[in-house]
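What follows is one structure encoded as structure tokens, with my remarks underneath.
Only heavy atoms go into these numbers, but all of them, side chains included; no hydrogens, no water, no symmetry mates.
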Amino acid sequence: MDVRLRALPDPRDRRGRRHALISVLLTAACAVLAGARSYLAIGQWARHAPQDTLARLGFHPRGPLGVRSPASPSTVRRVLVLVCPGGLADLLGHCPAVTESVAVDGKSARGSRTDTGPAAHLLSAVTAAGRTVSQLRVPDKTNEITGFTALLAPFDLTGTVVTADALHTQREHAKWLVEVKKAHYLMVVKGNQPKLHAALKALPWKEVTARRYDREAGHGRHETRSVRTLTVTDLGLDFPHVVQAVKILRHRTDLKTGKVTRQTVHAITDMTSSEASPQLIGRIARAQWGIEAVHHVRDTTFAEDASKVRTGHGPANMATLRNLAINTLRDAGHRSIAAGLREASYRPFTRPLDLLGLPLTCSAT
């Protein structure tokens, strides 16, 4: 990871720099992996770090005794407020090259709201395995639609299925994915596309034989899902590259209350029936819903919505560090991020560095 971060430009004035940018960013990443949730907490972690930890982070020895001093909370804050959030998110994200699908969805960091501005809204791309690829902040007074292509443009998505909710079911998005990125799409269709939605609902779903049923229990409920797919190439659906239509029925029973809920979702894809069976479509659709699990972890385990980080790029960069922590802990085999953070906190000055793959000695030149 330290090698990747060297490509990030330092936004600080050259005069007065005491610590290398990479050392400050590694400090923040390790502190968040140890449970830090604020600039102050990151600074406190750094202040208590032993000399061998500071050496691994790349802090240089100074003075006649060769003592390494860590970055202060104010330095951490200044760096995270100024450093390019898009570059940091791209460099610290998970490579999507070998993943089956990538889901796109947004989340607001509610605590970042100010008296004069709205909360930072962050658009993320997450793999089917729950690893964040990247994220970007949606500019104020716009919506997620404007950030879709900018978020995914840096990555090779050849053959990857990109999923998105109804907001991103846009003709230009579909054309860009298929024609420019050589990717596939699976897009949900709702009332914001009234003609397309009505056409999908009117298809002869009762006659469809291509079906898949799945049942599972967990989180206090039973769930049954039915996935039906229908080739629509010759049915005149007005959407670029559409080949199949999808209808997903979800039945949930709350085991405590006995309440049954029913949801119907329609979607479209450019994949043929030989490329995407109902079983595959169902799996990819579940991956789209799985992005909510990443947002849930950031809210509950990292208390993101309660964070008072508001200035500059701070909200986006702190969210990126939380994404990095989630990716790293999942790569290490932790199913529970909260449990992984607790384990890291038992050895706060060695375990996070080991998880990030930092060598026993590190140079921040």
Side-chain angles (χ1 to χ4, degrees), residues 1-9 11 21-22 25-26 28-29 32-33 80 82-109 112 120-139 142-165 167-168 173 176-177 180-185 284 287-288 290-298 302 304 309 312-331 337 356:
M1 187 183 75
D2 56 331
V3 175
R4 285 181 286 166
L5 287 176
R6 294 181 192 280
L8 200 63
L21 176 68
I22 187 173
L25 293 175
L26 289 175
V32 171
L33 259 172
L80 292 180
L82 293 175
V83 77
C84 174
L88 186 66
D90 288 349
L91 290 170
L92 296 185
H94 195 280
C95 177
V98 295
T99 189
E100 180 177 69
S101 65
V102 169
V104 175
D105 198 9
K107 177 189 181 299
S108 292
S112 64
H121 191 77
L122 306 173
L123 186 64
S124 301
V126 178
T127 70
R131 273 67 161 177
T132 300
V133 175
S134 188
Q135 71 173 19
L136 59 78
R137 180 169 180 171
V138 178
T142 63
N143 59 34
E144 294 180 16
I145 296 174
T146 61
F148 184 88
T149 55
L151 175 68
L152 299 175
F155 305 102
D156 180 5
L157 298 174
T158 304
T160 302
V161 183
V162 176
T163 67
D165 61 17
L167 179 65
H168 295 290
H173 289 358
W176 180 76
L177 286 172
V180 178
K181 302 301 288 184
K182 310 304 178 185
H184 299 292
Y185 66 78
I284 293 174
Q288 168 65 31
I291 195 172
E292 297 175 4
V294 176
H295 294 165
H296 179 73
V297 169
R298 280 169 37 188
F302 292 96
E304 182 168 277
V309 174
H313 300 315
N317 286 329
M318 284 297 292
T320 290
L321 294 176
R322 297 178 191 117
N323 290 333
L324 173 65
I326 295 170
N327 287 357
T328 302
L329 291 171
R330 284 185 171 157
D331 286 343
I337 300 303
L356 293 175

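- A distance of 5.5 Å separates CG of Leu167 from CG of Asp165, quoted to the nearest 0.5 Å.
- Taking CG of Leu88 as the reference point, atom OG of Ser134 lies at 9.0 Å (rounded to 0.5 Å).
- Leu25 is listed as a side-chain neighbour of Leu80, based on a closest heavy-atom distance under 4.5 Å.
- Considering all non-hydrogen atoms of both residues, His168 and Ala164 come closest at CB-CB, 3.6 Å.
- Here the side chains of Leu92 and Leu5 are in contact, with some heavy-atom distance below 4.5 Å.
- Between the side chain of Lys182 and the backbone N or O of Gly159, no donor-acceptor pair lies under 3.5 Å.
- Shortest non-hydrogen contact noted between Val162 and Leu152 is CG1-CD1, 4.0 Å.
- Using a 4.5 Å cut-off on side-chain heavy atoms (C-beta onward), Ser124 and His295 make contact.
- Distance alone, capped at 3.5 Å, is enough to place a donor-acceptor pair between the Asn317 side chain and the Val83 backbone.
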Exercise for the section: For side-chain contact (heavy atoms from CB on, under 4.5 Å), just list the numbers for Lys181 and Thr149, CA-CA rounded to whole Å, side-chain angles, deciding distance to a tenth of an Å, and then say yes or no. Expected result: CA-CA 10 Å; Lys181 302 301 288 184; Thr149 55; over 6 Å; no
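- Closest approach of Leu136 to Gly147, counting heavy atoms only: CD2-O, 3.8 Å.
- Heavy-atom minimum distance, Ile337 versus Arg330: CD1-CG, 3.8 Å.
- The two atoms that bring Ala125 and Val102 nearest to each other are CB-CG1, 3.7 Å, heavy atoms only.
- Side-chain contact between Leu324 and Leu356 is present, with heavy atoms from C-beta onward closer than 4.5 Å.
- Looking at Arg298, its side chain never comes within 3.5 Å of a backbone N or O of Ile326 through a donor-acceptor pair.
- The shortest side-chain heavy-atom distance between Val104 and Glu144 does not fall under the 4.5 Å cut-off.
- When Val133, Val98, Thr132 are each tested for a side-chain contact (heavy atoms from CB on, under 4.5 Å) with Thr127, only one passes: Val133.
- Remark: the backbone N or O of Ala316 is paired with a side-chain donor or acceptor of Gln135 at under 3.5 angstrom.
- Closest approach of Arg4 to Leu91, counting heavy atoms only: NH1-O, 2.6 Å.
- Note on ring orientation: taking the six-membered ring where Trp is involved, the planes of His173 and Phe148 are parallel (angle under 30°, cut-offs 30° and 60°).
- Side chains of His296 and Glu292 form no contact here, defined as non-hydrogen atoms less than 4.5 Å apart.
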